[in-house]
Amino acid sequence: NAGVTQTPKFQVLKTGQSMTLQCAQDMNHNSMYWYRQDPGMGLRLIYYSASEGTTDKGEVPNGYNVSRLNKREFSLRLESAAPSQTSVYFCASSAASSYNSPLHFGNGTRLTVT
Amino acid sequence: ELKVEQNPLFLSMQEGKNYTIYCNYSTTSDRLYWYRQDPGKSLESLFVLLSNGAVKQEGRLMASLDTKARLSTLHITAAVHDLSATYFCAVGRNRDDKIIFGKGTRLHILP
């Protein structure tokens with residue numbers, strides 16, 4: 001059982017380049033999330049999707065876009081990367097909010113923007 | 001606005017001692033999570049607390065929830081070195097499924 005799969009694991013970009021971080025889950029979860037983790041800042045919510053076809057902004061959405069392609073996949077796009085977006089990005093998924101379900105995390109993508 | 005505050009942010013303690021990590025949140029929420037993260041790794045779920053007065057225990061860790069005070073605690077009993085990690089609390093709302101994390105408590109247990 002793969003759980004939550006993120007690709008790529010590592011990426012180096014130059015300022016102004018674009019890229020898409022991919023996330024897929026095989027647990028039939030309704031909700032999916034993108035977080036970024038920076039030293040001393042904890043995890044900050046970028047965007048989330050409570051169900052297929054819906055997306056909402058989190059705490060730090062500027063500079064990012066998302067697509068909930070289907071129930072399994074939730075991608076995060078950086079249109080024009082900036083050094084401030086250097087971070088570790090985590091995707092997570094969860095069953096419907098009414099259930100006693102934790103967030104399941106992927107292994108993260110370490111992104112460096114030079 | 002949903003905000004989560006943890007304290008302390010860093011804790012160094014001796015093996016065998018007891019200690020508590022505190023998690024305060026700003027508005028009504030429906031779920032409270034505790035996670036553990038080892039350096040360079042992903043996050044591992046420890047507890048999900050749903051109702052006022054909920055208490056859950058796993059080994060040397062015990063989590064509790066007071067929704068009236070908007071406070072959760074993670075209590076460590078007779079700490080051992082293997083519990084060294086960063087611990088995060090997070091709160092979630094059913095109405096929109098938003099889940100917000102605290103900054104984490106970095107726990108260092110000295111042998």
Side-chain angles (χ1 to χ4, degrees), chain A residues 2-6 9-10 23 25 27 29-61 66 68 74 87-110, chain B residues 1-10 21 23-51 54-56 58 63 65 72 85-107:
Chain A
V4 178
T5 302
Q6 288 184 238
K9 292 184 180 179
F10 301 94
C23 176
Q25 51 91 9
M27 295 171 283
H29 284 169
N30 290 318
S31 302
M32 297 186 75
Y33 304 79
W34 277 106
Y35 292 91
R36 62 177 288 175
Q37 184 174 27
D38 304 291
M41 299 297 291
L43 276 81
R44 292 183 290 172
L45 181 63
I46 305 171
Y47 272 93
Y48 64 106
S49 171
S51 61
E52 184 179 352
T54 68
T55 60
D56 286 285
K57 294 179 180 179
E59 301 169 281
V60 288
V66 290
R68 183 75 184 266
F74 189 38
S87 188
V88 179
Y89 291 84
F90 286 101
C91 177
S93 71
S94 177
S97 60
S98 57
Y99 294 100
N100 185 7
S101 170
L103 281 171
H104 296 260
F105 281 85
N107 288 329
T109 295
R110 189 173 296 272
Chain B
E1 186 183 354
L2 184 55
K3 290 188 176 180
V4 181
E5 206 170 283
Q6 279 182 245
N7 67 83
L9 296 181
F10 182 79
I21 299 170
C23 175
N24 290 91
Y25 52 97
S26 59
T27 65
T28 302
S29 77
D30 301 291
R31 288 158 283 150
L32 193 294
Y33 307 87
W34 284 99
Y35 282 85
R36 168 182 172 145
Q37 186 182 37
D38 294 303
K41 303 292 186 180
S42 186
L43 283 83
E44 172 191 354
S45 176
L46 296 173
F47 304 108
V48 182
L49 304 170
L50 299 180
S51 57
V55 177
K56 290 192 175 180
E58 181 74 34
L65 178 62
S72 179
T86 299
Y87 293 86
F88 290 96
C89 70
V91 296
R93 301 189 301 213
N94 286 354
R95 64 178 173 87
D96 58 7
D97 248 2
K98 196 171 192 176
I99 300 176
I100 300 296
F101 279 74
K103 291 185 176 182
T105 297
R106 189 173 161 199
L107 180 61

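All values derive from a computational prediction rather than experimental measurement. Just so we're on the same page: letters track the sequence lines, and every chain starts at 1.
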*A/Leu45 versus chain B, heavy atoms under 4.5 Å apart: side chain, backbone, both or neither?*
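Just the side chain, heavy atoms under 4.5 Å.
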*asked:* Please classify the contact between A/Asn107 and chain B as side chain, backbone, both or neither, with a heavy-atom cut-off of under 4.5 Å.
replied: both
_Shorter than 4.5 Å, heavy atoms on both sides: which option in B/Thr86, B/Leu9, B/Asp96 has the most such pairs with chain A?_
B/Asp96
*Can you check whether B/Ile100 reaches A/Tyr35 side chain to side chain, under 4.5 Å on heavy atoms?*
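Side-chain contact under 4.5 Å: no.
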*Can you tell if the side chain of B/Leu65 reaches within under 4.5 Å of the side chain of B/Val55, non-hydrogen atoms only?*
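Counting from C-beta outward, B/Leu65 and B/Val55 never come under 4.5 Å.
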_Taking the six-membered ring for Trp, are A/Phe105 and A/Tyr33 closer than 6.0 Å centroid to centroid?_
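No: the rings miss the under 6.0 Å criterion.
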Compare every heavy atom of [Y] with every heavy atom of [X], then report the nearest pair and how far apart it is.
{"X": "B/Lys41", "Y": "A/Phe90", "value": "O-CZ, 4.0 Å"}
{"X": "B/Glu1", "Y": "B/Thr27", "value": "O-CG2, 3.7 Å"}
{"X": "A/Ser87", "Y": "A/Gln37", "value": "OG-O, 3.0 Å"}

Heavy-atom distances under 4.5 Å only: say whether [X] touches chain A with side chain, backbone, both or neither.
{"X": "B/Asp30", "answer": "neither"}
{"X": "B/Leu46", "answer": "neither"}
{"X": "B/Phe47", "answer": "neither"}

*For chain B, find which of A/Ser51, A/Gly106, A/Gly108 contributes the most heavy-atom pairs closer than 4.5 angstrom.*
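Between A/Ser51, A/Gly106, A/Gly108, the count favours A/Gly106.
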